[in-house]
Amino acid sequence: MEDTKMEDSSNQREMSHEEMPETHSKGGLITMPFIIANESFEKVASYGLVPNMILYLIKDYHMGVAKGTNILFFWQAATNFTPILGAFVADSYLGRFLTIGLGSICSLLFTEEKSVCRAFFNTGPACSPGAILFESWGGMILLWLTAMVPQSKPPPCDLMTQTCSSPTSAQMTPLFFSFVLISLGAGGVRPCSLAFGADQLDRRDNPKNVRVLESFFGWYYASAAISVLIALTGIVYIQDHFGYRVGFGVPAILMLLSALVFFLASPFYLKQQASKSLLTGFVQVIIVAYKNRNLTFPLPNSTASYHHKRDSNVVAPTDKLRFLNKACIIKNPEQDIALDGSAANPWSLCTVEQVEELKALIKVLPLWSTGIIMSINLSQNSFPVLQASSMDRHLTKKFQIPAGSYGMFNIISLALWVIFYDRAILPMASKLKGKPVRIGVKLRMGIGLFLTCIAMVVSAIVENARRKEAIRSGFQNNPTAVVKMSAMWLVPQFCLNGFAEAFTAIGQTEFFYSELPKSMSSIAAALFGLGLAVANVLASVVVSITDGITSKGGKESWVSSNINKGRIDNYYWVLAILSFINLFYYFLCAWAYGPTGRQATKVKSMAGR
């Protein structure tokens with residue numbers, strides 16, 4: 001959920017910098033159902049695949065917990081990283097319409113089914129009769145095919161000999177390729193959808209323009225939250241009760257509807273042209289600063305020696321990270337400056353604004369890095385699913401919560417806290433003090449990091465109790481047995497992580513937005529998405545190291561496929577210790593950063609009095 005909220009917020013701010021079309025003949029409210037439906041179908045389809053995927057890899061592909069978890073970590077990392085590439089491609093080359101369209105199609109590509117069977121499963125006509133209802137391949141349809149075609153997976157385990165054959169390379173290829181296509185599809189849809197919708201409504205000559213956009217953003221985020229809840233409940237329920245053939249088929253149909261709905265309204269869309277990307281500007285500053293590394297700095301107050309935009313208030317760079325200032329030094333005005341005042345070659349001369357934007361980005365990176373550990377904790381989806389599947393999940397005698405649906409408590413707690421904080425706590429505090437009250441952004445980030453520490457401590461304690469109950473019941477060698485312990489004991493850790501995300505994730509995004517220049521608003525959400533991607537990769541590293549160290553000498557790994565023999569509680573304690581170390585690292589970074597922009601302004605104002 002987190003990787004989706006922050007990417008969408010980026011586009012909201014980014015759109016205000018684009019040149020709006022003169023004509024009002026296209027766009028408008030008529031396009032809203034198509035854009036919101038496209039994003040909603042994509043979210044339901046993609047988020048619905050994640051919770052039970054670890055069970056699919058273990059039961060159908062005979063993978064160990066550590067290997068399956070690492071694969072999912074890398075998949076999530078790719079899904080969180082591709083929106084950054086998608087935003088770059090949309091801004092610099094294709095524009096948002098084409099990027100969203102290609103992203104939807106990438107999750108749903110068509111080819112001939114018999115060719116797929118021969119290429120991946122080495123079965124020619126055997127795939128044809130009735131097993132596959134239509135000719136398709138790619139993204140979610142390819143994942144659905146792995147559930148439909150028996151040859152795409154290793155044969156069932158031999159119950160007599162208790163042996164299981166490993167999947168072959170030919171069987172793993174379509175599975176991995178489906179993950180790649182789904183990630184690429186998310187990279188096209190998620191970073192552009194919100195801003196593309198805002199493009200259709202943004203009328204700056206309309207006195208009610210701000211209210212119209214505010215209403216759109218509210219409905220957009222509401223649909224996003226509802227979509228994720230449907231994915232974590234409805235899709236997971238279908239997979240549990242009707243199997244993966246139906247459970248993977250429904251997301252594939254939803255992805256097809258997502259693409260069809262989006263293209264259906266193509267004649268009505270306003271389609272913005274691509275423009276220059278900030279990422280290109282950052283690369284230019286680094287390259288030009290390196291080229292000019294031997295140049296001497298101009299004399300103090302010699303502003304004419306630096307290249308800046310016309311009518312800019314910033315005519316000279318700051319002294320921080322001074323080596324980057326060489327990127328905007330004018331060596332030869334006649335050769336370096338074009339007739340219109342711009343740089344003749346942007347790869348030889350940059351503006352002061354470009355240099356200062358890169359400095360601002362570098363300055364916030366240490367505080368950005370403090371959120372990675374929390375993202376690692378939030379990405380622990382596989383182990384809670386395995387825990388829940390071995391616990392009593394019944395709410396009534398006939399209804400039980402699917403093991404993969406407990407992540408919904410994370411989203412529910414986040415949403416409830418945001419509403420309570422915005423509509424109750426702040427208004428009440430402001431009324432009591434007689435002036436507007438707000439909690440500082442750095443304090444909120446610190447509270448969130450503390451809560452994620454407590455969440456991992458609670459996770460370790462609950463798992464320790466579950467494991468003891470399993471051993472006491474004689475289930476040490478039977479990881480699929482259900483112990484007499486309610487799975488609702490897992491809810492507190494999800495709620496704590498939801499509160500942590502509400503404080504730190506939202507706080508970080510607000511911090512980036514307030515501290516970075518307005519021209520860098522798109523980078524704010526890109527930073528958060530990049531943090532999620534880095535966290536997924538590091539989470540895989542932590543699991544691999546834990547598995548390698550604890551399984552030495554033939555010992556049972558802490559992250560064993562048999563969770564009753566393993567020690568997932570100890571693994572949680574490792575994450576808790578890392579979280580507490582990260583909390584102190586955050587204190588250091590927050591102290592070194594100094595006052596935020598708003599705090600600095602307040603200090604200057606008080607000093608002026």
Side-chain angles (χ1 to χ4, degrees), residues 1-12 15 27-51 79-80 82-83 86 96-97 99-108 139-141 143 182-201 213-239 247-266 268-269 404-405 407-408 410-412 414-415 418 525 529:
M1 175 75 177
E2 61 268 331
D3 55 326
T4 305
K5 277 190 311 239
M6 306 310 162
E7 289 157 6
D8 291 342
S9 297
S10 160
N11 297 321
Q12 170 185 345
M15 76 170 190
L29 292 174
I30 192 175
T31 61
M32 291 302 100
F34 300 95
I35 295 171
I36 292 179
N38 169 261
E39 173 76 0
S40 298
F41 283 139
E42 189 275 335
K43 277 186 171 61
V44 174
S46 57
Y47 278 85
L49 295 175
V50 176
T79 303
N80 287 320
T82 50
R96 291 178 182 135
F97 173 76
T99 305
I100 295 173
L102 290 176
S104 298
I105 293 174
C106 198
S107 292
L108 198 72
M140 295 181 184
I141 292 181
L143 181 62
I182 292 171
S183 295
L184 290 175
V189 176
R190 295 181 186 179
C192 304
S193 185
L194 182 93
F196 186 71
D199 289 343
Q200 315 304 313
L201 299 175
L213 290 177
E214 182 183 1
S215 178
F216 165 68
F217 294 139
W219 280 106
Y220 186 93
Y221 284 120
S223 68
I226 293 172
S227 299
V228 175
L229 284 176
I230 291 174
L232 295 179
T233 54
I235 301 299
V236 171
Y237 182 86
I238 291 173
Q239 291 170 357
F248 289 165
V250 171
I253 294 172
L254 292 176
M255 201 64 232
L256 174 61
L257 291 175
S258 175
L260 292 178
V261 165
F262 181 74
F263 283 112
L264 191 62
S266 178
F268 304 106
Y269 293 140
S405 293
M408 68 180 178
N410 186 318
I411 300 168
I412 292 172
L414 183 152
V418 169

- prompt: If we only count heavy atoms from C-beta on, is the L49 to I235 side-chain gap below 4.5 Å?
  reply: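 Counting from C-beta outward, L49 and I235 never come under 4.5 Å.
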Where is the tightest heavy-atom contact between [X] and [Y], given as atom of each residue plus distance?
| X | Y | answer |
| --- | --- | --- |
| V236 | G48 | CG2-O, 4.4 Å |
| A231 | V44 | CB-O, 3.5 Å |
| A45 | P251 | CB-O, 3.5 Å |
| G407 | L232 | C-CD1, 3.8 Å |

* Measure the spacing between CD1 of I226 and CD1 of I411 and express it to the nearest 0.5 Å. =>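 With rounding to 0.5 Å, CD1 (I226) is 12.0 Å from CD1 (I411).
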Sequence neighbours left out, what passes ring-ring contact (aromatic ring centres under 6.0 Å, His included) with F41? Give chain and number order.
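Expected list: none.
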- Task: Apply side chain to side chain contact (heavy atoms under 4.5 Å, CB included) to S40 and list each qualifying residue two or more places apart in sequence or on a separate chain.
- Result: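 If we apply the side chain to side chain contact (heavy atoms under 4.5 Å, CB included) test to S40, skipping adjacent residues, the hits are I36, S223, S227.
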